[in-house]
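Residue numbers start at 1 and run along the sequence shown.
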Amino acid sequence: MKILITQGHIVDPSQGIDGIGDIYIEGGKIKEIRTRSGGRKAKSKERKAGAEDPGFQTIDARGLTVFPGFVDMHVHLREPGFEYKETIRTGTLAAIKGGFTTVCCMPNTNPVNDHASVTEFIMRKAAQEGYCAVLPIGAITKGQKGRELAEIGTMKHEGCIAFSDDGQPVMNSLMMRRALEYSKAFNVPVISHCEDLTLSEGGVMNEGLISVTRGLRGIPAEAEMIMVFRDILLAELTGGKLHIAHVSTEGSVDLVRYAKKRGIQVTAETCPHYFSLTEKAVETYDANAKVNPPLRTERDIEAVKRGLQDGTIEVIATDHAPHHADEKLREFDQAPSGISGLETALGLSLRLVEEKVLTLPQLIEKMTLNPSKILGVKKGTLKRGSDADIVIVDREKEYKVSPEQFASKGKNTPFAGWELKGLPVFTVSRGKLHEW
Ligand code: DOR
Ligand code: ZN
C-alpha cells in the first residue's frame with residue numbers, strides 16, 4: 001500500500017521538524033518526508049501516480065497534526081495467562097486507537113516472561129495478531145520472586161528489549177546490583193518498580209489525611225523514594241542503565257534530578273494519571289482510581305510537572321493496566337491496582353501543552369524519541385527509511401471519555417466522563433492505514 005499524507009502539521013523531534021509538510025509511504029516504510037520550508041513543492045509525481053493506482057491512498061491532512069507513532073515503554077498486555085483482562089490483539093488495537101504504534105509489554109503474565117520460551121510465544125502472537133509492534137520486557141528474576149536472576153542473555157537474544165519485575169520491586173539489593181551489572185554487560189535498561197514492600201505492605205492508597213479519614217491503609221511517599229535512591233546508588237556503583245518506572249512523588253523527582261547532576265545513568269518515566277489526578281479521586285472508594293504507586297497530592301503533581309518540564313522525567317508512559325470489571329467491583333481493599341491508559345493518554349498529555357508545562361514538540365519527544373533512545377530501538381521517528389508508524393491527530397476534536405467505547409478489554413479508568421481534546425483520526429502502523 002502506498003500512502004501520501006499531504007499538508008499536515010508535522011512534528012518530529014527526531015529531525016527537529018515542526019511545520020507543514022508531506023509524507024510518502026511505500027512498502028511499510030517512510031519513503032519521503034518534505035516540509036514546506038524545504039523549498040520544492042512536494043510530491044507532484046506521487047500525486048499523479050495516485051490517480052490511477054487503486055493501492056494508493058491520499059490523506060489530506062490540512063488542519064491535522066502528524067506525529068511519529070507513539071512509543072509506550074510500559075504496558076500490560078496480560079497475555080499469556082490473563083486473557084480475560086486483555087490480549088495481545090485487544091491491547092494493541094487499543095494502542096493504535098490511542099496513537100501508539102510500539103508498546104513494550106511487562107512480564108507479569110502467567111507464566112511470567114522470565115524465559116526465552118515465553119518471549120518467543122509473545123513475539124509469535126504479536127506477529128500473528130498484533131496491530132502494532134510489541135517489544136517484550138523480560139523479568140529480572142525467575143517468577144518475579146526476587147530470589148534468582150532470570151536468564152537475561154537468552155531473553156535478550158529472543159527479543160526482550162529491557163528487564164523489569166514491574167508489579168513487584170526487587171527487594172534484595174544484591175539482586176538489583178547483579179541485574180544492573182547484567183544490564184551494563186548486555187547494554188539493556190533495567191526498569192525499576194520502586195516500592196519498599198516493608199513500608200507499603202497492606203497499603204491501598206497514598207498515606208495522608210485522606211487515608212486516615214477514609215480508614216484505608218496508606219502507602220507513604222517514602223516507600224517509593226527509598227527505592228529510587230537505592231537504585232540510583234546501585235546504578236552509580238555498577239554503571240548499569242537504570243530506568244525508574246511510574247514516578248509519582250516529589251521526592252523521587254528530586255532524587256532523579258540529583259542523580260542526573262552527578263552524571264549517573266538514570267532515566268525516568270511518569271504516567272498521565274500522576275499529573276492529572278490526586279488521591280482525592282479515591283475518596284469515594286472508586287477502585288478505578290486505585291493504582292500502584294498510588295495517586296498522590298497536588299504538590300506531587302506540581303513536582304512531576306516540573307520534572308517533565310526541566311527534563312528530569314524524559315518519558316510519558318501509560319502503565320496501561322487493564323483489569324476485569326468484576327475485579328474492580330470488589331471492595332476497595334480487595335480490588336486490583338491499575339488503570340487502562342492507552343486510550344486516554346494523548347488527551348490527558350495534550351493538557352500539558354495547553355497548560356504550557358511543555359511545548360508540543362517537547363511532549364511528543366517524551367512519547368516517541370526519548371523512549372526509543374532509552375530502549376535502543378529504531379522507532380519514534382519519521383526519518384526516511386524508518387517503519388511507517390505515524391499518527392494523525394485532530395487536536396481540536398473534543399470528546400467525552402467513554403470506557404464502553406474502549407478497544408481495550410479494560411474499562412477501568414478514573415477518567416470516565418472527562419472532557420478531553422485531541423484524538424487520532426488515522427494511525428499508520430507499519431504501513432497499514434487505520435481510520436478512526
Ligand atoms: O497499578 C499497577 N498495576 N501497578 C503495577 O505496578 C502493576 C499493574 C498491574 O499489573 O496491574
Ligand atoms: Zn506496570
Side-chain angles (χ1 to χ4, degrees), residues 1-71 89 92-103 126-134 342-343 346 360-361 364 367-369 372 377-397 407 422-436:
M1 157 99 77
K2 298 168 190 162
I3 307 168
L4 178 63
I5 303 167
T6 62
Q7 296 189 63
H9 172 194
I10 304 174
V11 176
D12 178 12
S14 78
Q15 306 177 80
I17 295 176
D18 182 4
I20 305 292
D22 305 331
I23 299 173
Y24 179 60
I25 298 159
E26 199 182 305
K29 301 280 179 192
I30 294 176
K31 273 270 176 186
E32 191 73 68
I33 170 163
R34 233 172 261 165
T35 47
R36 287 301 143 104
S37 50
R40 262 174 66 189
K41 197 142 181 260
K43 303 289 96 202
S44 54
K45 207 168 78 207
E46 283 86 357
R47 230 187 286 261
K48 251 184 234 137
E52 299 111 45
D53 186 345
F56 186 102
Q57 196 137 1
T58 303
I59 297 172
D60 180 353
R62 271 177 296 182
L64 302 175
T65 318
V66 182
F67 304 119
F70 305 138
V71 177
R89 198 186 72 75
T92 54
L93 183 58
I96 59 167
K97 241 184 117 186
F100 295 89
T101 51
T102 301
V103 294
Q128 288 164 353
E129 298 175 13
Y131 286 91
C132 68
V134 173
L342 283 166
E343 289 163 88
L346 175 62
L360 185 60
I364 299 309
M367 298 176 75
T368 56
L369 182 63
S372 305
V377 297
K378 287 200 175 83
K379 290 287 188 183
T381 173
L382 298 175
K383 279 195 184 134
R384 192 178 304 138
S386 336
D387 290 343
D389 289 341
I390 302 171
V391 57
I392 305 176
V393 171
D394 181 353
R395 285 187 62 203
E396 297 307 317
K397 175 82 184 161
L423 261 185
V425 268
F426 297 98
T427 307
V428 180
S429 179
R430 293 173 295 193
K432 194 167 183 316
L433 177 66
H434 303 265
E435 185 173 355
W436 310 112

Atom pair OG1 (Thr58) and CG (Leu4), whose distance is rounded to the nearest 0.5 Å: 5.0 Å

If you apply the rule side chain to side chain contact (heavy atoms under 4.5 Å, CB included), what do you find for Val393 with Val425, and how did you get there? CA-CA 6 Å; Val393 171; Val425 268; over 6 Å; no

Just how far is it from atom CD1 of Ile25 to atom CE of Met1, taken to the nearest 0.5 Å? 9.5 Å

Taking the side chain as everything from C-beta on, heavy atoms only, tell me whether Val66 gets closer than 4.5 Å to Leu64. no

Apply side chain to side chain contact (heavy atoms under 4.5 Å, CB included) to the pair Val391 and Phe426, showing each step before the final yes or no. CA-CA 6 Å; Val391 57; Phe426 297 98; over 6 Å; no

What are the two closest heavy atoms between Glu129 and Thr92, and how far apart are they? O-OG1, 4.2 Å

To the nearest 0.5 Å, what is the distance between CD1 (Ile17) and OG1 (Thr35)? 5.5 Å

Verify, without hydrogens or angle tests, whether Asp22 (side chain) and Gln7 (backbone) share a donor-acceptor contact under 3.5 angstrom. yes

Return the set of residues passing side-chain contact (heavy atoms from CB on, under 4.5 Å) with Ser386 (not counting sequence neighbours), or none when no residue passes. Thr381, Lys383

Taking atom CD1 of Ile59 and atom OG1 of Thr6, what is their separation to the nearest 0.5 Å? 8.5 Å

Does the side chain of Ile23 reach to within under 4.5 Å of the side chain of Lys31, using non-hydrogen atoms? no

Between Asp18 and Pro361, which heavy-atom pair has the shortest distance, and what is it? OD2-CG, 3.6 Å

Minimum side-chain heavy-atom gap Leu423-Leu346 below 4.5 Å: no

Would you say the side chain of Pro424 lies within less than 4.5 Å of the side chain of Ile392, judging by non-hydrogen atoms? no

Closest non-hydrogen atom pair, Cys132 against Thr101: CB-O, 3.2 Å

Distance col, row Lys378:NZ vs Asp387:CG, nearest 0.5 angstrom, shows 10.0 Å

Over all heavy atoms of both residues, which pair between Gln15 and Ile33 is shortest? Give the atoms and the distance, please. NE2-CD1, 4.1 Å

About how many Å separate CG of Asp394 and CD of Glu396, when rounded to the nearest 0.5 Å? 7.0 Å

Quick one: sort the Phe67 and Phe70 rings into parallel, tilted or perpendicular, breaks at 30° and 60°. tilted

Could you pull out all residues at least two apart from Ala407 that satisfy side-chain contact (heavy atoms from CB on, under 4.5 Å)? Leu93, Ala94, Lys97, Glu343

What is the minimum heavy-atom distance between Val103 and Ala95, and which atoms define it? CG1-CB, 3.8 Å

For the pair Arg430 and Asp389, find out whether any cationic side-chain nitrogen is under 4.0 Å from an anionic carboxylate oxygen. no

Determine whether Tyr131 and Lys432 make a side-chain contact, defined as any pair of heavy atoms from C-beta on separated by less than 4.5 Å. no

Show your reasoning for whether side chain to side chain contact (heavy atoms under 4.5 Å, CB included) applies to Phe100 and Val71. CA-CA 6 Å; Phe100 295 89; Val71 177; over 6 Å; no

Set of side-chain contact (heavy atoms from CB on, under 4.5 Å) partners for Arg384, sequence neighbours left out: Glu32

What do the steps show when you test Tyr24 against Ile30 for side chain to side chain contact (heavy atoms under 4.5 Å, CB included), and what is the final call? CA-CA 6 Å; Tyr24 179 60; Ile30 294 176; over 6 Å; no

If you define the side chain from C-beta out and look only at heavy atoms, does anything of Ile5 sit under 4.5 Å from Ile390? yes

Which pair of heavy atoms, one from Gly380 and one from Pro68, lies closest together, and at what distance? C-CB, 3.6 Å

